[in-house]
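Have a look at the structure below before the remarks.
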Amino acid sequence: MKSIYIEKPGTVRLAEIPDPPMEPRDVHVRVRYCGICGTDLGILSGDMGFVRSGLIRYPARIGHEWSGIVERVGPAVTMVRPGDRVIGDNSISCGECEHCRRGDYLKCTHRRGSVGTIRCWPGAFAEYMRMPEWHLHVLPDNISMEEAALTEPCTIAYNAVLMCRITGGETVLVLGTGAIGLAAVTIAKVFGAGKVIAVGRQEGKLAIAERMGADVVINSVKEDVLPAVLRETDGKGADCAVECSGAIGFVGQASELIAGKGIFALAGFYETTLDRFPIDDFVVKAQTLCGTIGHPGVLDAVVRLISERKLDVKPLITGVVPMEKGVEAFYEAAAGSSGRIKTLIEFNRE
Ligand SMILES: [Zn+2]
Ligand SMILES: [Zn+2]
């Protein structure tokens, strides 16, 4: 089969590799689409904490935002069958420890790695991938395979919004207008946010933020964000914020961007540290700063939102390219040309 992988920092390759092996409870999945994520571009550049710490090694079989169709199943598989349209969890559990035997895979003590990232389980930029049956989720009929490939980044947004503990009517600040930030705008509204303020650098993406439900948009290239947020919140700051931009400057201003008792959820990677951080401001204002990361427990919740048409992920798909043009698409995404949100690579036509 063919796979697109990072051979070494700076080099993407499309090459023939052996088919994945099959264990009795493994499922051989024919990949339909896989999206290019900022994490993939970090692995391509090599300039990334997980690379420096040795958690990601080369060659790296990346790809964790995927959808596919069950091609064949191992002899012990009972949960899916050929033809099922599926997506999968990111973190692969052992299937054998006491937690896994109870079906509590999140607590697995012998994780085998994350799909396409940390301690890399061979990822989905390939014609086929191998997944243990218990990590697959069968999709409802009314979700397209393109939409399904967007589920994973939306789980990051969903978790970040969950951390904000929205009860109704809050002003939510969303920093960043990539796929995660844009999804967070809609999800915050679904959770009952009163006013969503979206901050980004590109007019085109801010227009999509408005389509996704943002009440106010702030272009951080044209305007200083902190005074604009204070203006929009009667000088108090937002009730909560979801930081999806990866811009460390916003983290430094976190205590001012949110109100007293506010929550500031970090859903980006920053690859740097802050020298001067006003910790005591958080104490005095009883604010919360929290990190959040993808969590397999919410995959089905996101699928439901898309299926019920409460979350429209189609505006996030700004390009679909065939596998043969995938390497090019990677270098283009790494060069960061404007307007792109999510590029999907199509590995099989049906
Ligand atoms: Zn991702
Ligand atoms: Zn386990």
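If you're wondering where the values come from, they're calculated on a predicted model, not measured in any experiment. Order of listing sets the numbers, starting from 1, for every ligand and every atom in it.
Taking the six-membered ring where the residue is Trp, Y105 and W134 present parallel rings, their angle staying beneath 30° rather than reaching 60°.
With 2.8 Å as the limit, C100 counts as an N, O or S neighbour of the Zn ion (ligand 2). Note on C97: counted as a metal contact of the Zn ion (ligand 2), an N/O/S atom lying under 2.8 Å.
A salt bridge links K222 and E203; the closest N-O separation between the charged side-chain nitrogens and carboxylate oxygens is under 4.0 Å.
Put simply, the angle at the Zn ion (ligand 1) from NE2 in H64 to SG in C37 is close to 110°, to the nearest 10°. Of the angles at the Zn ion (ligand 2), the one spanning SG of C108 and SG of C94 is 100° when given to 10°.
Atom CG of N142 has more than 12 heavy atoms from other residues, nucleotides or ligands within 6.0 Å.
Aromatic ring centroids of F330 and F125 lie under 6.0 Å apart.
E65 has its closest N, O or S atom to the Zn ion (ligand 1) at the position named OE2.
The closest side-chain donor-acceptor pair between H99 and D104, if any, does not fall under 3.5 angstrom.
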